[in-house]
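Only one structure is covered here, and it is reproduced in the block below.
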Amino acid sequence: MDITKIIDPLNDAQRQAVTAPSTATLVLAGAGSGKTRVLVHRIAWQIQVLGLSPHNILAVTFTNKAAKEMRGRIEELLNIPTYSMWIGTFHGIAHRLLRRHAQQAKLPESFQVMDSSDQLRVIKRLLNTLQLDEAKWPPKQVQWHINGQKDEGIRAKHTREGHDPYQRQMLAIYRAYEDFCERSGMVDFGELLLRAHELLRDDPELLAFYQQRFLQIHVDEFQDTNTIQYAWLRLLSTDKDNLFVVGDDDQSIYGWRGAKIENLYSFQKQHPQHLLIKLEQNYRSTSTILKAANSIIAQNDGRIGKELWTDSGDGEAISVYSAFNELDEAYFVVERIRAWVNQGGARSDVAILYRSNAQSRQFEEKLMATNTPYRVYGGLRFFDRAEIKNAMAYLRLMSNHGDDASFERVVNTPTRGIGASTLEIVRQVAREQGVSLWVASASLIDQGRLSARASNALKTFLQLVLRLAEQAEALELFEKVKLVVESSGLLAFYKQDKVDKGEEKAENLEELVNAAKLFDANQENPDSLPELDLFLAYAALESGDMQADDFEDCVQLMTLHSAKGLEFKLVFMVGVEEGLFPSQQSVDDIGRLEEERRLCYVGITRAMQQLCVTYSESRRLYGRESYPKPSRFLKEIPAELIQEVRIRAHVSRPAAVSAYKPERLTSSTSSYKLGQRVSHEKFGEGIILQLEGDGAQERVQINFKQVGVKWLMLSYAKLQVMAG
DNA sequence: TTGTTCCAGCTTTTT
DNA sequence: GCTGGAACAA
């Protein structure tokens, strides 16, 4: 047995963690301190030295990427297959449990997973049926409320009807939403976790089964767990003290989406005998960078406390550049990158990190202007694209006719003459009879309660889906997808669409067939569940990773949040200004301010060799010129670590932007005049306010007595000149 | 069905 | 000040 491979590459603290006895263990892992290595080697140790079967191990992460990496590294280290080991995201594992035990979880066998945009659509439709004004009940806010409740493990039935009208209405919406999901077999992300928790909690036999199976439970990024996730972990580990959690309270940056840093403290309280191991030796950054990071994070209260150190050298000072404006800032950064590349540095070792996505633009422009390849992270992922979602909706509908959200999505995509009024009737019947849109449509057709045209169109649609389902039955997964893409009419629809990037969309649809092929090849499916349902869930749960296309040597642009877990030799932290970073919305609340500070800590510790911080003396924000102060975080870096860049890379005081605005030209050919009284057959009497355009394009703005101000095309509107 | 105008909103993001 | 979505005119 070769344990040197497992033990030798570790430092003392890491080794202590890896070889720790099976007891509640908290590994406080600073940035760049080898956190993943500890998890991987710990699992390897348990298998190779303690003789555990991979079958007995559970490892939970937050992202698919992290899960994949962990599995890969374990396989590499041990050279054994790991398919029997449960490694995955909280959501992925919850999903697996629910699929396995759909019946006990009171879910239909082919329940569907909704992603957040699906969820938002459902909520919008729900508000509509409840006849609530979206302005008063913003769908986003409703979504936030519902997800918040689920994260806390609260269902509608747990909430007492209070007196606060707002709360009462929210509760009513939540209840209606739950009903809808129940009826149509839809499960959102929060529901996956909540349902999985309830499943184990309410079924002692099942719980005992999994408790006996998972002898060791490992949790990555524990500071990001929310209430229900931690509750779920505790259920599984009851009486066993077999939780091995790794996290860093200083890198908790997701409080705003329900992460409870308190879970770290509760863990310590609930396991008084727990083992606490701090990983403080950093293998990533220079001592200068670490000193800056330590000094900033020290400003926060209530930390468990640790200090990063390294035995590598001081390295270069931190450059701070005060830009004249945001263009100058971009210019400076791009110049620096050019110098780096000229000295033989790789572009992919360089990252530009910003607080908000909107900041990427000026950097993109400058990079483009200098022909520097770059890649912006974030944005639409493959499975989030409308054309992909449409294809998936057909597949879902084939698998589950009760999926109203998918029904709505594709009933008239591509257009087949099923208009809003027909749909409204269908919805109404569905509501009255408490059935799905599918069933309502079928009965409406049977009873001949629709116009012949609407009835036929609807019938064509239902038959299309039925036919697809029938034809797909015997096919391989990728053939099913191919069938749907081609026979639904989607592909043809996008191919003929010349204006709206239709070609690209058609290509994406073809790519979807490939994705299905790949999925099929990689899928283990130990529980032999329907592959189509698994693929659909995969699309919702793992929407990223499809865009890892070009391997070109690129500069990396991303938000500070998405940089977590990554490292770069040269890091630019830009826009480090009060109001931007920390964000204006966070400065009045100490808790949120501290989270911003942790974000700053995360940003700084991404840098391996060189860190460059920039701020601008003036910045255009929401269309207004602002003159922000340098961020307070800058002052928290000891001055001796900083080298201010004095020279202006480029004095780019912009020439005063011309105030010229083309005025709306008054049409000379018109027979109408300003102030002219006219009358319109539909809108009645009014007075001309403005004229523009010529000939067929000529338009007039008219203030109508009855209906107010409107723009009308003169060539269409039949206006009568009135005396007056 | 399509093209235009209007209007709110505006941190961070994974699953 | 820009952008995406809703509302509206044709």
Side-chain angles (χ1 to χ4, degrees), chain A residues 60-67 88-95 113-121 124 128 134-135 138-141 147 150-151 187-193 221 224-226 229 253-259 353-359 361 377-379 381 383-384 412 414-420 497 499-500 537-545 558-565 575 579-587 592 595-596 598-599 602-603 620-626 657 680 682-683 697 699 701 707-718:
Chain A
V60 201
T61 63
F62 272 85
T63 65
N64 292 297
K65 199 172 146 202
T89 62
F90 277 100
H91 294 85
I93 286 168
H95 174 248
V113 181
M114 291 193 269
D115 67 21
S116 3
S117 60
D118 299 331
Q119 186 189 28
L120 194 63
R121 283 172 72 100
K124 279 186 184 170
N128 220 306
E134 283 195 12
K140 281 263 173 62
Q141 207 169 309
N147 291 341
K150 290 194 177 183
D151 284 351
V187 173
D188 63 41
F189 288 139
E191 184 73 25
L192 282 172
L193 302 173
E221 306 276 19
D224 288 339
T225 51
N226 64 29
Q229 286 163 337
I253 56 175
Y254 287 115
W256 52 273
R257 65 175 200 213
L353 308 182
Y354 35 79
R355 178 71 230 290
S356 76
N357 284 306
Q359 286 168 264
R361 231 174 76 183
Y377 282 71
R381 275 178 297 257
F383 284 108
D384 287 339
N412 202 31
T415 47
R416 45 176 75 87
I418 301 171
D497 182 358
V499 271
D500 226 17
Y538 164 83
L541 288 170
E542 198 157 349
S543 47
D545 272 15
M558 67 189 84
T559 62
L560 287 153
H561 281 91
S562 27
K564 189 171 163 218
L580 201 58
F581 187 30
S583 145
Q584 192 56 48
Q585 290 99 312
S586 302
V587 290
R592 296 176 63 175
E595 183 154 310
E596 298 269 330
R598 292 193 289 269
L599 188 58
V602 167
R620 200 154 249 282
L621 206 60
Y622 301 137
R624 210 174 289 265
E625 203 71 36
S626 67
V657 180
H680 182 273
K682 230 160 89 190
F683 302 135
Q697 305 306 309
R699 308 189 318 146
Q701 190 184 35
V707 293
V709 180
K710 288 191 184 304
W711 277 99
L712 301 173
M713 300 286 282
L714 267 182
S715 47
Y716 287 98
K718 296 180 192 88

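Just so it is clear, the structure is predicted and the values come from calculations on it, not from any experiment. Lettering follows sequence order; numbering is per chain, from 1.
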Quick one: [X] [atom1] to [N] [atom2], roughly how many Å, whole number?
X	N	atom1	atom2	value
A:E134	C:dA7	CD	C1'	13 Å
A:F383	B:dT14	CZ	P	16 Å
A:N128	C:dA6	CG	C1'	12 Å
A:Q584	B:dG9	CD	C1'	16 Å
A:Q585	B:dC10	CD	P	9 Å

(message) Can you tell me if A:Y254 is stacked onto the base of B:dT14, using a 5.5 Å centroid cut-off and an angle below 30°?
(response) no

(request) Identify, between A:G417 and A:F189, the residue whose nearest nucleotide on DNA chain B lies closer to the 5' end. (result)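 Residue closer to the 5' terminus by nearest nucleotide: A:G417.
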
(message) On DNA chain B, does the nearest nucleotide to A:H91 precede the nearest nucleotide to A:A358 from the 5' side, or the other way round? Give the residue.
(response)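 The answer here is A:A358.
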
When we call it a touch if two heavy atoms are under 4.0 Å apart, what does [X] touch: a base, just sugar-phosphate, or nothing?
X	value
A:N412	sugar-phosphate
A:D115	nothing
A:S356	sugar-phosphate
A:R624	nothing
A:E596	base
A:F62	sugar-phosphate
A:R598	nothing
A:S586	base

(request) Identify whether NZ of Lys or CZ of Arg in A:R624 sits under 6.0 Å from the centre of the six-membered ring of A:Y622 and within 45° of that ring's axis. (result) no

Please report the interatomic distance [atom1]([X]) to [atom2]([Y]), rounded to the nearest 0.5 Å.
X	Y	atom1	atom2	result
A:F62	A:K564	CZ	NZ	8.0 Å
A:L353	A:H561	CG	NE2	12.0 Å
A:T61	A:E221	OG1	CD	9.0 Å

Would you tell me if any nitrogen or oxygen in the side chain of [X] comes within less than 4.0 Å of OP1 or OP2 on [N]?
X	N	value
A:S562	B:dT13	yes
A:Y622	B:dA8	no
A:T89	B:dT15	no
A:R257	B:dT14	no
A:N64	B:dT15	yes
A:R361	C:dT3	yes
A:K124	C:dG5	no
A:N357	B:dT13	yes
A:T559	B:dT11	no

(request) Determine the interatomic distance between P on C:dC2 and the same-named atom on B:dT13; round to the nearest Å. (result)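 Rounded to whole Å, the distance is 23 Å.
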
(message) Suppose you measure atom P in C:dT3 against the same atom in B:dT12; what distance do you get, rounded to whole Å?
(response)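 Approximately 15 Å lies between the P atom of C:dT3 and that of B:dT12.
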
(request) Check whether the side chain of A:R381 and the base of B:dT14 form a donor-acceptor pair under 3.5 Å. (result)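 No, the side chain and the base share no sub-3.5 Å donor-acceptor pair.
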
(request) Classify the side chain of A:S116 versus the base of B:dT15 as yes if they form a donor-acceptor pair under 3.5 Å and no if they do not. (result)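 Side chain to base: pair present.
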
(message) Nearest to the A:H561 side chain among B:dT11, B:dT14, B:dT12, which nucleotide is it?
(response) B:dT12

(request) Please lay out, stage by stage, how A:R592 and A:E595 fare under the test salt bridge (Lys or Arg N to Asp or Glu O under 4.0 Å). (result) CA-CA 5 Å; A:R592 296 176 63 175; A:E595 183 154 310; over 6 Å; no

(message) How close do A:G575 and A:L580 get, counting heavy atoms only, and between which atoms?
(response) O-CD2, 3.6 Å

(request) For residues A:A539 and A:F383, report the shortest heavy-atom separation together with the two atoms involved. (result)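 So the minimum-distance heavy-atom pair works out to CB-CD2, 3.4 Å.
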
(request) Taking syn as within 90° of 0 and anti otherwise, name the glycosidic form of B:dT12. (result)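 It is anti.
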
